[in-house]
Amino acid sequence: MQIYLARNNQQAGPYTLEQLNQMLASQQVLLTDLAWHEGMTEWKALGELTQGKLFYQPQMPQTQAYELPSAEIHHNDVIKHVQVNNKAIITPAKVGKRISAKLVDLLLFTLPQILVTLAFLPRDLIQQAQSFDVNEQIKIAEAMSNNMPSWVPMVLLAYTLGLLFVQNFLISKSGQSIGKKLFKLQIVDATTNKLVGQFRGFFIRSFLFIILSQFVSLFPLIAIVFIADIVLFFSKGNNSLHDRLAKTKVIDISK
């Protein structure tokens with residue numbers, strides 16, 4: 001089967017069915033793009049053909065030949081500023097870009113807590129401390145809590161919840177966290193290259209580790225997970241710990 005696409009009155013193709021589904025999964029083509037293949041009498045939006053899904057399974061009971069209709073009369077203002085990508089190639093994300101994106105997300109999560117700690121840390125007690133045993137650490141933590149205005153923890157909590165909401169929304173909608181958006185990376189299913197949604201994309205890959213960190217100690221667990229990810233990045237397939245648990249992979253959509 002040869003499938004043609006049209007966007008902003010510009011035709012592209014033909015593509016195979018496999019290429020089309022790969023481009024749908026990686027969002028190189030959109031459900032608002034027009035499509036035509038043998039068995040159709042007119043151009044239709046991909047979303048109409050796939051019934052809103054990112055996977056197309058055509059049914060072609062007819063065998064007679066059809067002439068490719070002109071796409072010029074089907075102007076689509078929604079997609080006129082986007083160019084159809086003629087290369088249906090799924091490119092795995094490079095290790096450097098993945099680590100950079102992860103560092104951005106980690107920094108967004110930890111930076112406010114680091115700044116608050118530095119602002120209210122009782123430096124006099126630290127200078128006077130002979131050793132940093134458990135008692136000294138408790139004393140320093142209590143002093144920092146007493147120096148800190150009551151509204152600071154509430155602001156930190158609101159920021160953290162807001163950040164989690166934004167990351168959840170972005171990953172659920174496009175398979176991209178803030179860091180991955182900056183570096184043009186996308187989370188997809190390891191086998192089908194489709195978007196994986198909220199549960200696998202956000203809960204298993206991110207939120208689960210944040211919850212677990214609260215029962216251990218925030219920074220040590222995050223550091224351990226980050227180190228494990230770096231080690232796994234250089235293993236076969238460049239799949240991180242999160243990817244292996246969620247059965248996902250990260251692809252580069254910059255091209």
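Below, all heavy atoms of this structure are taken into account, side chains as well, without hydrogens, waters or symmetry copies.
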Arg200/Thr248 under side chain to side chain donor-acceptor pair (under 3.5 Å): CA gap, chis, key distance, verdict: CA-CA 8 Å; Arg200 290 164 60 194; Thr248 59; over 6 Å; no
Cluster check Leu17, Leu24: I/L/V/M/F/W/Y, side chain < 4.5 angstrom: yes
Whether over 12 other heavy atoms sit under 6.0 Å from Phe169 CZ: no
Under 3.5 Å donor-acceptor, Glu38 side chain and Gln2 backbone: no
Nearest-0.5 Å distance that lies between atom CG in Leu106 and atom OG in Ser177: 11.5 Å
Hydrophobic cluster identity match, Leu115 and Leu163, side-chain contacts under 4.5 Å: no
Any side-chain heavy-atom pair of Leu46 and Thr32 under 4.5 Å: no
Leu31 side chain reached by Leu54 side chain, heavy atoms, under 4.5 Å: yes
Close side-chain approach of Arg205 and Val196, heavy atoms under 4.5 Å: no
From CG (Leu20) to CZ (Phe55), nearest 0.5 Å: 9.5 Å
Gln198 and Phe203, any side-chain heavy atoms less than 4.5 Å apart: no
4.5 Å side-chain heavy-atom contact, Ile178 and Gln167: yes
Verdict with supporting geometry, Tyr56 and His37, ring pair (Phe, Tyr, Trp, His ring centres under 6.0 Å): CA-CA 12 Å; Tyr56 183 36; His37 58 72; 5.7 Å; yes
Over all atoms of both residues, closest heavy-atom pair of Phe183 and Ser100: CZ-CB, 3.4 Å
Main-chain N/O of Gly47 paired to Gln51 side chain as donor or acceptor, under 3.5 Å: no
Interatomic spacing from CD in Glu18 to CD1 in Ile3 - rounded to 0.5 Å: 11.0 Å
Shortest non-hydrogen contact between Met144 and Thr117, atoms and distance: SD-O, 4.0 Å
Phe109-Val166 co-clustered via ILVMFWY side chain contacts under 4.5 Å: yes
Note, Ile204 side chain near Phe199 side chain (heavy atom, < 4.5 Å): yes
Check: Val116 and Val155 side chains under 4.5 Å, non-hydrogen atoms: no
Residue pair Lys94, Asp252: steps toward the salt bridge (Lys or Arg N to Asp or Glu O under 4.0 Å) verdict: CA-CA 8 Å; Lys94 294 182 179 179; Asp252 192 327; over 6 Å; no
Atom of Trp43, atom of Tyr4 and distance for their closest heavy-atom approach: CZ3-O, 3.6 Å
Value rounded to 0.5 Å, distance of CG in Leu185 from NZ in Lys249: 13.5 Å
side-chain contact (heavy atoms from CB on, under 4.5 Å) between Phe202 and Leu164, worked out: CA-CA 9 Å; Phe202 176 73; Leu164 290 175; 4.2 Å; yes
Backbone N/O of Gly179 and side chain of Asp105: donor-acceptor pair under 3.5 Å: yes
Distance (rounded to the nearest 0.5 Å) between Leu156 CG and Leu161 CG: 11.0 Å
Nearest-0.5 Å distance, OG1 of residue Thr50 to CG of residue Asn21: 9.0 Å
Atom of Phe120, atom of Asn147 and distance for their closest heavy-atom approach: CD2-O, 3.6 Å
Salt bridge (charged side-chain N to carboxylate O under 4.0 Å, His left out) contacts in which one or both residues fall within residues 174-187, not counting sequence neighbours: none
Donor-acceptor under 3.5 Å (Asn146 side chain, Glu142 main chain): yes
Minimum-distance pair of heavy atoms, taken over all atoms of Ile253 and Gln176: CD1-NE2, 3.6 Å
Closest approach of Ile187 to Gly201 (non-hydrogen atoms, all atoms of both residues): CD1-O, 4.2 Å
Heavy-atom side-chain proximity of Gln28 to Asp33 below 4.5 angstrom: no
